[in-house]
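Contents: one structure, followed by commentary.
Here is how names work: the chains are called A, B, and so on, in the same order as the sequence lines, proteins then strands, and each is numbered from 1.
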Number of protein chains: 2
Amino acid sequence: MASPRVRDLLEEAILEGDLKPGERLRAEALAQRFGTSRTPIREALLQLEAQGLVDVEPNRGAVVRTFDRDDLRDLYELRALLEPHAAALAATRISDDDVDRLEALCEHEDQIVANEAFHGIILEAAQSPRLLVAMRAATGIPRTFRSVFWHDEAQREESLMCHRRLVAAFRARDPHLAEAVMRMHILGAIAFLEETWPSR
Amino acid sequence: MASPRVRDLLEEAILEGDLKPGERLRAEALAQRFGTSRTPIREALLQLEAQGLVDVEPNRGAVVRTFDRDDLRDLYELRALLEPHAAALAATRISDDDVDRLEALCEHEDQIVANEAFHGIILEAAQSPRLLVAMRAATGIPRTFRSVFWHDEAQREESLMCHRRLVAAFRARDPHLAEAVMRMHILGAIAFLEETWPSR
DNA sequence: CGACGCCATCTTGCATACGAAATCACGCTT
DNA sequence: AAGCGTGATTTCGTATGCAAGATGGCGTCG
């Protein structure tokens with residue numbers, strides 16, 4: 001049911017910042033934009049609502065979710081809870097091929113893309129369908145907000161270091177190490193967030 | 001958008017076991033059953049998919065999710081991760097009124113309803129929108145599966161004890177205690193699950 | 001006897017139409 | 001001039017039609 005086409009297009013448009021936070025999403029306009037009718041748009045919006053990317057109110061329409069500092073904190077705290085667990089599960093279940101893939105991603109030039117893929121592989125490797133669904137609530141965030149991290153050299157280095165350490169932990173099939181590294185990785189991001197964006 | 005009416009009806013039908021796991025959900029049939037058309041049904045199904053209650057495959061329709069032992073374990077492990085965190089957050093944010101409400105629920109006669117309400121209040125009190133969404137991935141489960149717990153006297157007592165202890169922790173505004181009690185509460189449920197349903 | 005392929009049927013996915021609710025603008029009242 | 005009420009317009013929610021894809025049964029072939 002519901003071919004994922006429109007959903008993915010809409011998601012990309014929001015993540016890419018093409019549709020900005022706070023912007024009202026009129027079904028008719030989106031339908032024209034994507035060359036379809038309102039029906040698939042409505043279905044996509046409902047799915048994205050479950051993902052936390054849009055707010056939808058009955059009889060009033062959809063709006064791109066706005067992100068203030070508290071929202072981001074909330075979101076990253078959830079990640080700090082879920083992803084270390086995912087890493088621990090993945091450590092005992094990940095395939096050698098996937099570890100190779102993770103290692104390769106450490107050398108990838110586009111760090112934003114590499115980072116998304118990196119965390120995605122780990123999540124898949126955890127083989128917990130419920131965890132996968134739950135994490136969707138913590139991944140929906142326009143790239144503009146994430147790109148902050150990649151402008152800071154020290155942050156990039158720390159991130160890369162964590163990723164390499166994670167690869168090592170996976171090779172050693174060490175769930176505790178993987179969990180600890182991932183926790184540091186996410187909590188580090190929160191700390192950086194608090195520093196760069198103190199309390200606006 | 002999307003009046004919640006049909007969605008809630010459908011959810012209830014699944015939770016109540018009226019629509020059984022594995023059962024195919026044909027849009028037309030459901031539309032007749034609820035006295036509406038296929039459109040709201042489709043939208044409800046997509047929302048319930050995000051909640052993990054139904055499986056939906058493009059062009060092939062929806063099916064009530066089946067739950068085997070591994071699924072339940074996966075689901076409860078996720079709860080064991082999320083709910084203690086929710087309890088810790090709630091401890092510092094919950095209102096006195098809500099604590100009173102929790103205490104009253106401990107005396108409620110219908111323990112299944114009381115239990116759902118109890119955990120719901122705590123989740124709300126945590127005031128973390130993302131956590132709320134994530135938890136939806138861990139609550140979708142027909143009541144038949146839960147009712148197992150309420151047939152065991154010892155389990156009922158332990159559960160009630162945990163709930164009372166949680167109330168005390170909230171009164172004392174003690175996040176660590178609340179978190180620990182909640183963790184025990186959920187992990188206890190997992191252990192009970194493993195005992196009663198060893199490895200079928 | 002079993003497997004493959006073809007055709008009839010069913011079900012879904014999308015487009016479109018129509019009634020209902022909300023929004024907006026304008027003029028009126030105070 | 002500010003606030004309120006009313007009508008026009010916009011936007012949503014639901015129903016329904018139609019085409020594409022999936023399902024299932026039957027006959028044929030190996």
[X] [atom1] to [N] [atom2], straight-line distance once rounded to whole Å:
X	N	atom1	atom2	result
B/Leu30	C/dC10	CG	P	18 Å
B/Arg5	D/dT14	CZ	C1'	9 Å
A/Gln32	C/dC14	CD	C1'	16 Å
B/Ile41	C/dC14	CD1	P	18 Å
A/Glu49	D/dC12	CD	P	14 Å
B/Leu46	C/dT12	CG	P	12 Å
A/Phe34	C/dC14	CZ	P	14 Å
A/Asp55	D/dC12	CG	C1'	17 Å

Check: A/Arg93 side chain, A/Ala125 main-chain N or O, donor-acceptor pair, under 3.5 Å: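 Not a single qualifying donor-acceptor pair exists.
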Choose from D/dG17, D/dG13, D/dG21 the nucleotide whose nearest atom is closest to any side-chain atom of A/Arg42.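 Among the listed nucleotides, the one closest to the side chain of A/Arg42 is D/dG13.
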Which one, C/dA22, D/dC12, D/dT14, comes nearest to the side chain of A/Arg26?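 Among C/dA22, D/dC12, D/dT14, the one nearest the side chain of A/Arg26 is D/dC12.
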Within the 4.0 Å heavy-atom criterion, would you say A/Ala31 contacts the bases, only the backbone, or no part of the nucleic acid?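 It contacts nothing in the nucleic acid.
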May I ask you to say what A/Leu25 touches in the nucleic acid, namely base, sugar-phosphate or nothing, with a heavy-atom cut-off under 4.0 Å?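 Sugar-phosphate: the residue A/Leu25, judged by heavy atoms under 4.0 Å, touches backbone atoms but no base.
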Between A/Thr39 and C/dC14, is there a contact of a side-chain N or O with OP1 or OP2 at under 4.0 Å?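 Looking at the OP1 and OP2 atoms of C/dC14, neither is under 4.0 Å from any side-chain N or O of A/Thr39.
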Taking donor-acceptor contacts at under 3.5 Å, does the side chain of A/Arg38 reach the base of D/dG13?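 In this structure, the two groups form a donor-acceptor pair.
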Please determine if B/Arg165 and B/Glu158 form a salt bridge, counting it only when a charged side-chain N lies under 4.0 Å from a carboxylate O.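 Not counted as a salt bridge, because no side-chain N and carboxylate O are separated by less than 4.0 Å.
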Ion pair A/Glu77/B/Arg130, N-O distance below 4.0 Å: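 Answer for the salt bridge query: no.
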For A/Arg60 and A/Pro40, take the nucleotide of DNA chain C holding the closest heavy atom to each; which residue's nucleotide lies nearer the 5' end?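 Closer to the 5' end of DNA chain C: A/Pro40.
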Nearest heavy atom decides the nucleotide; on that basis, is A/Glu43 or A/Asn59 closer to the 5' end of DNA chain C?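 Its nucleotide being nearer the 5' end, the pick is A/Glu43.
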With a 6.0 Å cut-off on ring centres, are A/His163 and A/His108 close enough?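 So the answer is no for these two rings.
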Donor-acceptor side-chain pairing of B/Glu11 and B/Gln47 below 3.5 angstrom: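 There is no such pair between these side chains.
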